[in-house]
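These notes are about the structure you will find just below.
Small disclaimer: the values here were computed from a predicted structure and weren't measured.
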Amino acid sequence: MNVNGIRVHDTLALVKSIFSPVRLGVLLLAVYGSYMVMQTGYLSWWIGIAGMSIALGWFIFNVNQEFQLRKFKSRDSKQLWDSISDRVKRLKQAIQKSPSHIQEILFGLPKRVEATAKSLYVSLRNADLLKHEIIKSEGLIPTGALPFGVRTTDSQTNELYSLADKNAHEYGKRFKKLTSRITRVEGQCAVFISALDMLRVELLGMKLEKQDRLSNNDEIVQSVKDMQTQLESINKALQEIESLQAEVFEREMPETEAFKG
């Protein structure tokens with residue numbers, strides 16, 4: 001997994017969040033004002049310290065808020081990750097509220113879910129950066145309008161448009177290969193979210209049923225097995241997707257930019 005690209009992006013995002021001119025200006029003014037208050041007396045010294053502390057806390061809070069927003073280039077990717085985080089949290093709560101014998105059956109599952117969520121996070125971040133690069137390079141090219149399909153009475157003109165159609169077809173093929181990595185990651189996120197939803201609602205149903213029905217663990221055991229199978233499938237798919245990343249960036253992106261030029 002390409003964590004280096006994520007680290008570089010996050011470092012730049014953090015630097016931009018810290019060195020916001022308006023935010024830094026407000027912080028410096030607050031610190032200066034607090035310092036001036038401290039010079040007026042002993043009691044004012046404590047007021048000034050409190051003012052500086054509040055200003056610094058406000059600064060750190062707002063930097064963190066902006067940094068979290070800057071992590072994802074796409075709003076859709078951010079919302080997708082928020083959904084994943086929400087489902088993981090809700091499943092933990094559902095397991096904690098389950099009867100003890102159900103918790104025994106589910107023992108170890110939360111850790112597997114968290115491990116898969118971390119893998120999804122890295123893959124989603126990589127896909128988000130790739131989507132941003134594609135948009136920067138290709139913009140909103142109407143690929144659906146290609147090939148050109150123009151035919152005239154002039155044979156040489158038809159040959160030129162036939163060549164253009166061939167290039168357009170190859171462009172669309174390579175463009176789809178680029179974007180398929182993004183859509184596959186998003187699809188794996190959807191599978192993960194829906195799987196957690198199914199298990200959580202089943203736990204809720206068992207909790208609301210009568211106590212004598214809770215003694216039958218066959219359904220929850222099967223659900224856990226299904227969940228484990230899906231988690232393994234997601235992890236395997238993510239590994240396959242990430243293994244193509246070097247090829248996507250090193251081979252496909254330069255070729256696509258060549259078509260653009």
R87 and R200, any side-chain heavy atoms less than 4.5 Å apart: yes

Interatomic spacing from CG in L238 to NZ in K118 - rounded to 0.5 Å: 15.0 Å

Heavy-atom closest contact (A195 atom, M227 atom, distance): O-CE, 3.3 Å

For F192 against A117, the heavy-atom pair lying closest together: CZ-CB, 4.1 Å

Interatomic distance, D226 atom CG to L231 atom CG [nearest 0.5 angstrom]: 11.0 Å

Salt-bridge criterion met for K131 and D76 (N-O under 4.0 Å): no

Test item: D128 and V185 side chains (from C-beta on) under 4.5 Å apart, heavy atoms: no

Pair listing, ring pair (Phe, Tyr, Trp, His ring centres under 6.0 Å) test, anchored in residues 17-40, at least two apart: none

Side-chain heavy-atom pair R181, N126 within 4.5 angstrom cut-off: yes

Return all side-chain donor-acceptor pairs below 3.5 angstrom for residues 50-63, not counting sequence neighbours, or 'none' if the list is empty.
{"residue": "S53", "atom": "OG", "partner": "I49", "partner atom": "O", "Å": "2.9"}
{"residue": "N62", "atom": "ND2", "partner": "W58", "partner atom": "O", "Å": "2.7"}

Salt-bridge contact K166-E170 (side-chain N to carboxylate O under 4.0 Å): no

Y121 side chain reached by I84 side chain, heavy atoms, under 4.5 Å: no

Flag if over 12 foreign heavy atoms under 6.0 Å of CD, Q156: no

Between CG on residue L199 and CD on residue Q230, distance to nearest 0.5 Å: 10.0 Å

Nearest non-hydrogen partners of C189 and L120, listed with the distance: SG-CD2, 3.9 Å

Side-chain donor/acceptor of S123 to backbone N/O of S119, under 3.5 Å: yes

Min side-chain heavy-atom separation K136-K73 under 4.5 Å: no

Heavy-atom check, side chain of R70 versus side chain of D10, under 4.5 Å: no

Nearest-0.5 Å distance, CD1 of residue I134 to CG of residue L129: 11.0 Å

Linked, directly or transitively: M38 and L29 (ILVMFWY side chains, under 4.5 Å): no

Heavy-atom closest contact (R125 atom, H9 atom, distance): NH2-ND1, 3.2 Å

Atom pair CD1/OG of I105 and S100 - distance to nearest 0.5 Å: 10.0 Å

Hphob cluster co-occupancy, W45 + M36, side-chain heavy atoms under 4.5 angstrom: yes

Co-membership, hydrophobic cluster, residues M198 and V113, 4.5 Å side-chain: no

Salt bridge flag under 4.0 Å for residues D86 and K89: no

Rounded distance (nearest 0.5 Å) linking atom OG of S77 with atom CG of D82: 11.0 Å

Least distance between heavy atoms, G48 atom then V37 atom: N-CG1, 4.3 Å

Transitive ILVMFWY side-chain link I6 to L12, under 4.5 Å: no

ILVMFWY cluster, V15 and F67 together (side-chain gap under 4.5 Å): yes

Chi angles and distances behind the side chain to side chain contact (heavy atoms under 4.5 Å, CB included) call for F72, L80: CA-CA 10 Å; F72 286 93; L80 196 54; over 6 Å; no

Check: L203 and L106 side chains under 4.5 Å, non-hydrogen atoms: yes

